[in-house]
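First up is the structure itself, then whatever we jot down about it.
Just so we're clear, the structure is a prediction, and the values are computed from it rather than from any experiment. One is the number of the first residue; the rest follow in order along the sequence.
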Amino acid sequence: QVQLVESGGGFVSPGGSLRLSCAASGTSFRQYAAWYRQAPGKQREKVAHIADTNITYYEDSVKGRFTISRDNAVNTVYLQMNSLKPEDTDVYYCFEAGGVWGQGNQVTVSS
């Protein structure tokens, strides 16, 4: 059974940092991994992805602030989020090549 388990969300002040983790079982992130986010009433949007060639993509609003990485030895993908802004407040989801989603992790940026 394929399962993605997220951790690392929470509450942070503007300018702060958080690191999200997504651990996979029954699958791996070697081919592809992505992070999405979704606000209430809005479509889920891609924040970043990393391909098998280690080529990365970032949505314009997070470029230079967020970094996606993975550790194939432990089947985990990460999203390091720095210089967080209130508009980064969302539920964040990890995603793998087979179409499975993580459970979602709330990130709240507020003073």
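A pairwise comparison of heavy atoms in Lys42 and Gln38 identifies O-NE2, 3.0 Å as the closest pair. Here the shortest heavy-atom pairing between Val100 and Leu4 reads O-CD1, 3.2 Å.
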Using distance only, find each side-chain donor-acceptor pair of residues 5-24 under 3.5 Å and give its atom names and separation, not counting sequence neighbours.
from: Glu6; atom 1: OE2; to: Cys94; atom 2: N; distance (Å): 3.0
from: Glu6; atom 1: OE2; to: Gly104; atom 2: N; distance (Å): 3.2
from: Ser17; atom 1: OG; to: Asn82; atom 2: OD1; distance (Å): 2.9

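Taking Ile, Leu, Val, Met, Phe, Trp and Tyr as hydrophobic and joining them when side-chain heavy atoms fall under 4.5 Å apart, one finds Val74 in a cluster with Tyr78. Here Tyr57 sits alone; no ILVMFWY side chain lies under 4.5 Å from its own, so it joins no hydrophobic cluster.
A heavy-atom distance below 4.5 Å is found between the side chains of Phe66 and Leu84. For the pair Met81/Tyr92, a side-chain contact is recorded, criterion being any heavy-atom separation below 4.5 Å from C-beta on. Considering only heavy atoms from C-beta on, Arg44 stays 4.5 Å or farther from Val91 through its side chain. No side-chain heavy atom of Glu96 sits under 4.5 Å from any side-chain heavy atom of Tyr32.
With sequence neighbours excluded, the residues forming a side chain to side chain contact (heavy atoms under 4.5 Å, CB included) with Asp60 are Lys63, listed by chain and number. Partners of Ser83 by side chain to side chain contact (heavy atoms under 4.5 Å, CB included), not counting sequence neighbours, listed by chain and number: Arg65. Among residues two or more places apart in sequence or in another chain, the salt bridge (charged side-chain N to carboxylate O under 4.0 Å, His left out) test is passed with Arg37 by Glu45, Glu59, Asp88, Asp90.
Under a hydrophobic clustering in which Ile, Leu, Val, Met, Phe, Trp and Tyr are joined whenever their side-chain heavy atoms come within less than 4.5 Å, directly or via other members, Val109 and Tyr58 fall into the same cluster. No continuous path of ILVMFWY side-chain contacts below 4.5 Å connects Phe95 to Phe29, so the two sit in separate hydrophobic clusters. Residues Val107 and Tyr93 are members of separate hydrophobic clusters, defined by side-chain heavy-atom contacts under 4.5 angstrom among Ile, Leu, Val, Met, Phe, Trp and Tyr.
For the residue pair Asn75/Arg70, the side-chain donor-acceptor check at 3.5 Å is not satisfied.
Atom CD of Gln31 has 12 or fewer neighbouring heavy atoms from other residues, nucleotides or ligands inside a 6.0 Å radius. Atom CD of Gln43 is surrounded by 12 or fewer heavy atoms from other residues, nucleotides or ligands within 6.0 Å.
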Q.
Under the criterion side-chain contact (heavy atoms from CB on, under 4.5 Å), I'd like the reasoning laid out for Ile68 against Gln80: C-alpha separation, chi angles, the key distance, then a yes or no.
A. CA-CA 6 Å; Ile68 187 171; Gln80 177 66 44; over 6 Å; no

(Q) Run Ile50 and Ile55 through side-chain contact (heavy atoms from CB on, under 4.5 Å) and show every step you take. (A) CA-CA 6 Å; Ile50 182 166; Ile55 291 175; over 6 Å; no

Q) Could you walk me through whether Trp101 and Tyr36 pass the ring-ring contact (aromatic ring centres under 6.0 Å, His included) check? A) CA-CA 10 Å; Trp101 294 91; Tyr36 284 71; 4.9 Å; yes

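Put simply, CG on Asn72 and CG on Asp52 are 10.5 Å apart, with the number rounded to the nearest 0.5 Å.
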